[in-house]
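Notes to accompany the following structure.
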Amino acid sequence: RALMRFGHATMLLGAGLLDEGWEAYEARFDPDLPDAPIFEIGLPQWRPGQPLPESLLIVAEQGVGDEVMFAGMMGMFFFLTQCLRDVLGYSDVKTGFAFLPLSAMVFGASQLSARYLVELLGARRLMLIGITFSTLGMLWLTQLDQNSGYFALAGPLMVFGLGNGLAFAPLTTTALDGVEPADSGAASGLVNVMQQVGGSLGLAVLVTVFGTSSKHAARNIDQSMSPAAAARHVFVAAADHAFWTATIFLAVTWLMIAL
């Protein structure tokens with residue numbers, strides 16, 4: 001029930017709506033200024049007779065898994081990008097190319113998932129399989145250290161990408177189950193809002209964990225290390241705690257779907 005309420009709160013925050021009614025905005029073209037198309041935004045019009053559709057509340061309940069999953073995903077992208085640049089010394093362009101294995105796995109697995117595996121295995125089972133792979137990939141990232149090379153990262157990237165690709169399509173379609181056709185556009189946008197809000201909130205948590213862990217690692221640094229080596233050690237130690245927290249987010253997503 002608490003997760004359902006969190007989903008409702010996120011939906012209302014993202015959509016800017018209250019369940020008592022909609023806000024309607026009016027956009028008009030000013031005929032007195034034909035060469036300057038000015039659009040005026042009218043004041044909100046409160047309409048208590050138009051309650052928030054029940055199907056959107058269903059989306060809020062079913063989309064909480066998306067939120068928690070994106071909370072874990074953002075940690076991987078944020079900290080791994082910094083690891084490639086600051087620990088391995090990659091340029092921005094090289095860092096972007098380093099994520100190609102993940103992108104390829106997401107693309108291939110998502111196509112396979114949407115076209116064949118959903119019908120073959122069912123949405124719920126496929127989500128559990130996909131999130132299992134994502135969790136294992138994130139767990140693999142916790143084994144990195146300052147001496148790890150790119151090939152130590154490529155494996156976790158591919159496993160994580162495989163899991164995300166398998167889980168994306170069934171997660172989205174499940175969240176939209178039961179939505180009325182007239183509300184499909186709003187529901188689809190709502191799912192996207194919930195994903196972005198989940199990613200933002202998750203990243204805020206992970207950065208807090210990273211900051212606290214980096215202070216602790218800095219206090220226990222080996223004084224014989226060079227400044228550059230010490231900085232890499234502190235970053236990797238703190239990122240390790242952030243990856244563990246992201247792994248917990250993904251494990252919670254798995255449990256929410258399984259139960």
Side-chain angles (χ1 to χ4, degrees), residues 65-118 121 126-173 191-192 194-196 198-203 205-207 209-210 232 235-236 238-254 257:
D66 271 356
E67 285 185 290
V68 182
M69 183 177 178
F70 269 72
M73 284 175 49
M74 289 302 170
M76 191 280 294
F77 288 113
F78 183 76
F79 293 108
L80 196 54
T81 299
Q82 296 188 62
C83 180
L84 290 169
R85 296 186 70 256
D86 300 335
V87 177
L88 298 185
Y90 285 13
S91 66
D92 294 337
V93 174
K94 192 175 181 180
T95 298
F97 279 107
F99 280 95
L100 281 178
L102 181 145
S103 301
M105 292 300 294
V106 169
F107 178 79
S110 61
Q111 294 296 312
L112 190 64
S113 171
R115 296 184 180 184
Y116 306 108
L117 295 181
V118 170
L121 300 175
L126 187 57
M127 285 188 288
L128 292 175
I129 293 173
I131 295 173
T132 298
F133 278 110
S134 297
T135 305
L136 291 175
M138 188 69 73
L139 191 62
W140 194 348
L141 286 174
T142 64
Q143 307 305 308
L144 300 177
D145 58 37
Q146 61 266 34
N147 297 316
S148 298
Y150 176 71
F151 289 105
L153 300 173
L157 280 174
M158 295 180 70
V159 173
F160 189 81
L162 173 63
N164 284 358
L166 293 176
F168 276 156
L171 270 172
T172 301
T173 54
V191 169
N192 185 63
M194 296 181 70
Q195 291 173 349
Q196 300 306 317
S200 300
L201 294 177
L203 185 58
V205 172
L206 297 176
V207 168
V209 171
F210 176 87
R232 290 194 296 269
F235 175 85
V236 171
D240 179 71
H241 287 83
F243 287 141
W244 273 109
T245 305
T247 302
I248 293 173
F249 283 148
L250 294 174
V252 169
T253 304
W254 192 95
I257 296 171

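Residue indices begin at 1 and follow the sequence shown. Note that these values count all heavy atoms, side chains included, but never hydrogens, waters or copies made by symmetry. Quick caveat: nothing in here was measured; it's all calculated off a predicted structure.
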Is there a side-chain contact between [X] and [Y], using heavy atoms and a 4.5 Å cut-off?
| X | Y | result |
| --- | --- | --- |
| Phe79 | Leu141 | no |
| Phe77 | Leu102 | yes |
| Asp240 | Leu144 | no |
| Val118 | Thr173 | no |

Shortest non-hydrogen contact from [X] toward [Y]:
| X | Y | answer |
| --- | --- | --- |
| Pro101 | Ala98 | CD-O, 3.3 Å |
| Leu126 | Ser113 | CD2-OG, 3.0 Å |
| Met69 | Leu250 | O-CD2, 3.8 Å |
| Met138 | Gly72 | CE-O, 3.3 Å |

So, taking the atom named [atom1] in [X] and the one named [atom2] in [Y], what distance separates them when rounded to the nearest 0.5 Å?
| X | Y | atom1 | atom2 | value |
| --- | --- | --- | --- | --- |
| Cys83 | Tyr90 | SG | OH | 9.5 Å |
| Phe70 | Thr253 | CZ | OG1 | 10.5 Å |
| Leu88 | Asn147 | CG | CG | 10.0 Å |
| Thr142 | His241 | OG1 | NE2 | 10.5 Å |
| Gln195 | Met74 | CD | CE | 8.5 Å |
| Leu112 | Met105 | CG | CE | 10.0 Å |

Show which side-chain atoms of residues 153-172 pair as donor or acceptor with protein atoms under 3.5 Å away, not counting sequence neighbours.
| residue | atom | partner | partner atom | Å |
| --- | --- | --- | --- | --- |
| Asn164 | OD1 | Ser134 | OG | 2.8 |
| Thr172 | OG1 | Phe168 | O | 3.1 |

Are Val209 and Trp244 close enough, and set up right, to give a side-chain contact (heavy atoms from CB on, under 4.5 Å), and what steps lead you there?
CA-CA 10 Å; Val209 171; Trp244 273 109; over 6 Å; no
Could you tell me which residues satisfy ring-ring contact (aromatic ring centres under 6.0 Å, His included) with Phe133, sequence neighbours excluded, listed by chain and number?
none
Has Phe97 got more than 12 heavy atoms of other residues, nucleotides or ligands less than 6.0 Å from its CZ?
no
Tell me if the aromatic rings of Phe210 and Phe235 count as close, with their centers under 6.0 Å from one another.
yes
Checking Phe243 against Leu139 for the side-chain contact (heavy atoms from CB on, under 4.5 Å) test, could you report, in this order, the C-alpha distance in whole Å, the side-chain angles of both residues, the deciding distance, and whether it holds?
CA-CA 7 Å; Phe243 287 141; Leu139 191 62; over 6 Å; no
Once side chain to side chain donor-acceptor pair (under 3.5 Å) is applied, what residue pairs with a partner in residues 92-105 remain, sequence neighbours excluded?
Arg85-Asp92
